[in-house]
Amino acid sequence: MLAAVLRGPEQLDITEIATPEPGEGEILLKVGANTVCGTDLRILRGEKTAGVRPGVVLGHEIAGTIAAVGKGVHGYQLGDPAVVTPAVSCGTCFYCLRDMEQLCASTDILGYNLDGGLAEYCLIPKHAVDRRHISVAKPGTPMTALSLSEPLSCVLNGLANYKAGLGDTVVIIGAGPIGLLHMTVCRLAGATQVIVSDLSESRRATASLLGADITVDSVKDDLEAVVKQATNGHGADVVVIAIGRPELLAQAISLVRKGGRVCAFAGFPKGSSAAIDPNTIHYGEILLVGAANAKRRQTAEALRLIEDGLIPAETIVSHTFALQQATRAIEFSASGEGIKIAVVP
Ligand SMILES: [Zn+2]
Ligand SMILES: [Zn+2]
């Protein structure tokens, strides 16, 4: 089969490798779509190396159909559409036992150290099948929409931490695919005013199309003044950072009201540091949260939202590339021209 194999920084080989055969307890997925994200780019550039195994098949936003099942697999039928929760938690560590499996101390991750979805087929190993890291979808939803279940599950994990709710004003810094998904789920959670900031005019236009109340040019406009004006001078209830630039942390804190929540959702370059005035946290009682990965149940929640048409997947997945062009797909996703890029074998 054709697969995108990571040899090292800047070395992604699109090459033929043996098609895996599912052993006992394993499932073989025929990949229908694999969307690429900023993490793939960081891995390709060598900016993210922790937990990444050279020789791995890249891709962790995986949707496909079940092509073969190994002995002893129950509950899955050949031809079922399915999506994957790629971070396979252990189920027994300190975090797993406290309902924080997304923070598991010994995860295996498809597309990092287990072969991922930028291939014609993807093997789901036994421990992932046993722990139900593969979720069956209803038939009829396009594969490119289903593959959004992974980033969407991570966004739902963020929402659970920053708790946007009824009547809230939310500021989202960055109108890429992740920012647009945050906007969509904040709306579904009852936020009544969403302000989106980005430097790209086309991304701001997409944010407006998808329901942003106010869009702000992050280079030319004064975001703080806009937010203050839109909130009677108080500041936003929630600010989500969806771009991995460390200086945005101080900006986000300046935008939130007293008692508000700031979410550092994006991953930052390795070794980053950010300067903030700690008294703004102290006197303002500001809650600072992070979010990375997702729980299996958030994959299930994401899937229901996508199947019910509540996520504008057709707008968010703006471009499709063939597997042969996987490197270009990852690079294009960084160009800011499209929104979410899908690779379809
Ligand atoms: Zn991703
Ligand atoms: Zn664990």
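Residues: numbered from 1 along the sequence shown. Atoms within each ligand, like the ligands themselves, are counted from 1 in listed order.
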query = Is the side chain of R187 donor-acceptor paired with the backbone N or O of A191 at a distance under 3.5 Å, no angle test?
reply = yes
message = For the Zn ion (ligand 1), what is the number of protein N, O or S atoms at a distance under 2.8 Å?
response = 3
inquiry  = Between L123 and D115, does the side chain to side chain contact (heavy atoms under 4.5 Å, CB included) criterion hold? Intermediate values first, please.
reply    = CA-CA 7 Å; L123 185 74; D115 284 345; over 6 Å; no
key: pair R297-D99: side-chain heavy atoms closer than 4.5 Å   = yes
remark   = Heavy-atom closest pair (P151 atom, I178 atom, distance to 0.1 Å) is CB-CD1, 4.0 Å
Residue and atom, protein N/O/S, under 2.8 Å of the Zn ion (ligand 2) = C90 SG, C93 SG, C96 SG, C104 SG
message = If we ignore hydrogens and angles and just use 3.5 Å, is the side chain of R261 paired with the main-chain N or O of Y162 as donor and acceptor?
response = yes
message = A side-chain contact here means heavy atoms from C-beta on lying under 4.5 Å apart; do H127 and L114 qualify?
response = yes
task = Please report the shortest heavy-atom distance between G23 and E26, naming the atom on each side.
result = N-OE1, 2.7 Å
ask   = Would you say the side-chain atoms of N293 pair up with the backbone N or O of L103, donor to acceptor, closer than 3.5 Å?
value = no
ask   = With respect to L44, which candidate in T39, L12, V36 satisfies the side chain to side chain contact (heavy atoms under 4.5 Å, CB included) definition?
value = L12
